[in-house]
Amino acid sequence: MSSNAARRSVPGFFLTVGAACLIAATVGGHLALGLVTLGILALCSLALILLGRRSETYQGLTDKTPDERFARIGGMAWAGTGIVLTVGNLSAFIGELASGRNGNPYFWFVATAAITYLTFVALLSRHT
């Protein structure tokens, strides 16, 4: 994949997810929510397209062969995203338990995150 195609694939992913959310929300009877979600993701996609023209950081992160600095930035960004999602799901799980509910589906998100983390630690420790 060329660098140009890589830079377009990220905004394209946002638009695809937005369209999927619109379809799912419409099927579920929440057209307005689907339109808002699509709109937000379309704005994110547009911002990424505009950044792709001017931002060395965005270009470096979407380049086919990023240098070591951009590879480290991308890895740290994914790690930060994982932490935020895990803490958010863990908080929601605890909130569900405190409200007298069983914690689903947050339990499964937290359990999947824990199992994935342990699996990656085990696999990566063997290969580095």
Side-chain angles (χ1 to χ4, degrees):
M1 179 184 317
S2 72
S3 294
N4 226 7
R7 284 189 209 115
R8 287 191 308 266
S9 68
V10 177
F13 175 76
F14 274 79
L15 288 176
T16 301
V17 170
C21 289
L22 173 61
I23 292 167
T26 302
V27 169
H30 301 285
L31 174 62
L33 178 60
L35 289 171
V36 168
T37 304
L38 175 61
I40 291 169
L41 291 171
L43 286 174
C44 289
S45 181
L46 178 62
L48 290 172
I49 290 169
L50 296 175
L51 279 174
R53 293 182 184 162
R54 297 188 179 150
S55 171
E56 175 196 5
T57 302
Y58 182 74
Q59 290 174 7
L61 290 171
T62 57
D63 195 358
K64 187 166 81 172
T65 55
D67 64 26
E68 186 176 306
R69 177 176 164 247
F70 287 118
R72 190 173 53 250
I73 290 169
M76 290 184 337
W78 276 113
T81 301
I83 290 168
V84 168
L85 290 173
T86 300
V87 169
N89 282 308
L90 186 56
S91 299
F93 174 62
I94 292 169
E96 285 282 299
L97 293 177
S99 297
R101 294 185 286 271
N102 66 4
N104 275 328
Y106 304 107
F107 166 81
W108 295 108
F109 291 140
V110 173
T112 302
I115 291 167
T116 302
Y117 177 80
L118 293 173
T119 301
F120 274 109
V121 166
L123 292 175
L124 293 173
S125 66
R126 290 182 181 183
H127 298 287
T128 57

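Just so you know, these numbers use all the heavy atoms, side chains as well, and skip hydrogens, waters and symmetry mates.
For CZ of F93, the number of neighbouring non-hydrogen atoms (other residues, nucleotides, ligands) closer than 6.0 Å is greater than 12.
Residues passing the side-chain hydrogen bond (donor to acceptor under 3.5 Å, both in side chains) test with R101, sequence neighbours excluded: E96.
Distance check, rounded to the nearest 0.5 Å: CZ of F13 to CG of L48 gives 11.5 Å. In this structure, CG in L124 is found 10.5 Å from OG1 in T119, a value given to the nearest 0.5 Å. A distance of 8.5 Å separates CG of D67 from CZ of R72, quoted to the nearest 0.5 Å. Rounding to the nearest 0.5 Å gives a distance of 9.5 Å between CG of L85 and CZ of F109. Atom OH of Y106 is separated from atom CD1 of I94 by 13.0 Å, given to the nearest 0.5 angstrom. Taken from CD1 in I115 to CG in L118, the straight-line distance is 8.0 Å, to the nearest 0.5 Å.
Looking at heavy atoms from C-beta onward, L31 lies in side-chain contact with L22 at the 4.5 angstrom threshold.
The closest donor-acceptor contact from the side chain of S125 to the backbone of A122 lies under 3.5 Å.
Considering all non-hydrogen atoms of both residues, G103 and L97 come closest at N-CD2, 4.4 Å.
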Identify all side-chain donor-acceptor contacts of residues 36-46 below 3.5 Å with residues at least two apart in sequence or on another chain.
unit_1 : atom_1 : unit_2 : atom_2 : d
T37    : OG1    : L33    : O      : 2.8
S45    : OG     : P11    : O      : 3.0

